[in-house]
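Okay, so here's the structure we're looking at.
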Amino acid sequence: MLSRVALKRVVFLTIIIGMLAGCFNASHHKTQSMTFRAHTNICEKPKPYGRAEKANLARKIIRELESQAIQFIQRGDRITLIIPTDRYYIFNSPKLNDLKFPILDKVPQLINFFPCSRVTVASFSDDVGKRSIREKLTKARAETMLTFLWANGVSAQLLTAESFGSHFAVGNNDIVHGSAYNRRIEIQWWAGKNPPPPTPKPDRMDMKMR
């Protein structure tokens with residue numbers, strides 16, 4: 001038979017061992033939980049805003065963007081931002097204008113209200129100058145904007161960059177202002193539940209003519 005003192009020691013050791021085992025198990029479950037969160041789909045992120053608050057913040061950002069010549073267009077569930085490259089990029093360069101970062105920072109803020117949406121960054125140019133140079137510049141500008149969005153919280157898994165050169169003109173290249181309209185970045189995403197229609201591609205015959 002164990003003495004009362006020895007019995008107390010056994011009980012005490014049993015309690016300590018149980019506590020330590022519980023700590024190790026808790027740590028293991030915590031690690032598993034962290035691993036699960038790290039691999040959780042980005043669409044499962046908790047939404048920090050209520051619907052009304054989100055709508056008000058989005059409207060405020062849209063007003064700020066439009067006050068700085070960035071157009072907001074929504075047709076059904078398709079949302080498009082049109083950014084004039086003359087204003088937001090260094091002249092004849094793929095680099096963004098550092099002075100415009102305060103307003104450009106609003107773009108990823110708006111996109112992140114739609115965390116499950118795939119985002120396409122499309123770059124366009126006018127038809128002035130050598131075609132190969134125009135295409136190289138538009139491609140580099142699209143990639144610059146994609147990198148900017150990624151660096152400001154838009155998931156890289158959702159981003160795609162495309163360059164269309166002088167195709168899909170929205171203005172008359174024979175007019176100064178029309179040519180400026182064609183030098184643009186279009187950032188487009190889908191706000192609905194159903195997948196968007198495919199992005200239009202330049203017609204092969206049209207490419208040969210150009």
Answer with yes or no whether the side chains of S179 and R183 bring together a donor and an acceptor at under 3.5 Å. yes
List the atom of A69, the atom of P84, and the distance in Å for their closest heavy-atom pair. O-CD, 3.3 Å
Side chains of Y181 and I82 in contact at under 4.5 Å (non-hydrogen atoms): no
Donor-acceptor pair, distance only, cut-off 3.5 Å: does the side chain of Q109 make one with the backbone of I111? no
Output yes when E135 and R131 qualify as a salt bridge under the 4.0 Å nitrogen-oxygen rule, no when they do not. yes
Between P108 and V154 the two heavy atoms that sit nearest each other are CB-CG2, 3.9 Å
Just by modelled atom types, is the G129 backbone N or O under 3.5 Å from a matching donor or acceptor in the R134 side chain? yes
Quick one: are F91 and D86 in side-chain contact, heavy atoms under 4.5 Å? no
Ring-plane angle category for F164 and F124, please: parallel below 30°, perpendicular beyond 60°, tilted otherwise. parallel
Heavy-atom side-chain proximity of I70 to E66 below 4.5 angstrom: no
Check for a donor-acceptor pair, side chain of Y89 on one end and backbone N or O of R141 on the other, with a separation under 3.5 Å. yes
Kindly determine whether I83 and Y88 satisfy side-chain contact (heavy atoms from CB on, under 4.5 Å), including the steps that lead there. CA-CA 7 Å; I83 302 175; Y88 288 93; 3.6 Å; yes
Less than 4.0 angstrom from a charged side-chain N to a carboxylate O is my criterion; do R184 and E186 meet it? yes
Would you say that more than 12 heavy atoms from the other residues, nucleotides or ligands in this model lie under 6.0 Å from the CZ of F148, or not? yes
Just by modelled atom types, is the T160 backbone N or O under 3.5 Å from a matching donor or acceptor in the R118 side chain? no
Quick check: do T120 and W189 have side-chain heavy atoms less than 4.5 Å from each other? no
In the single-linkage hydrophobic clustering (I, L, V, M, F, W, Y; side-chain heavy atoms under 4.5 Å), do I103 and L57 co-cluster? yes
Which residue, R87, K100, K106, forms the side-chain hydrogen bond (donor to acceptor under 3.5 Å, both in side chains) with Q68? R87
Distance-minimising heavy-atom pair for M145 and L96: CE-CD2, 4.0 Å
L158 and P115 have their tightest heavy-atom pair at CD1-O, 3.3 Å
Side-chain contact, heavy-atom cut-off 4.5 Å: V121 with L149? yes
Might you point out which heavy atoms bring L146 and L159 nearest each other, and give the distance in Å? O-CD1, 3.7 Å
Could you state whether V119 and I61 fall into the same hydrophobic cluster, counting links through intermediate Ile, Leu, Val, Met, Phe, Trp or Tyr residues with side-chain heavy atoms under 4.5 angstrom apart? yes
Between T138 and S163: side-chain donor-acceptor atoms closer than 3.5 Å: yes
Between S67 (side chain) and E64 (backbone), is there a donor-acceptor pair under 3.5 Å? yes
Keeping the roles fixed (side chain from N182, backbone from V170), state whether a donor-acceptor pair exists under 3.5 Å. yes
For W190 and S117 the tightest heavy-atom approach is O-OG, 2.5 Å
Is the side chain of S123 donor-acceptor paired with the backbone N or O of I185 at a distance under 3.5 Å, no angle test? no
Side-chain contact, heavy-atom cut-off 4.5 Å: F72 with L65? no
Please determine whether side chain to side chain donor-acceptor pair (under 3.5 Å) holds for the pair T80 and Q188, giving the CA-CA distance in whole Å, both sets of side-chain angles, and the decisive distance to 0.1 Å. CA-CA 4 Å; T80 306; Q188 194 171 92; 2.9 Å; yes
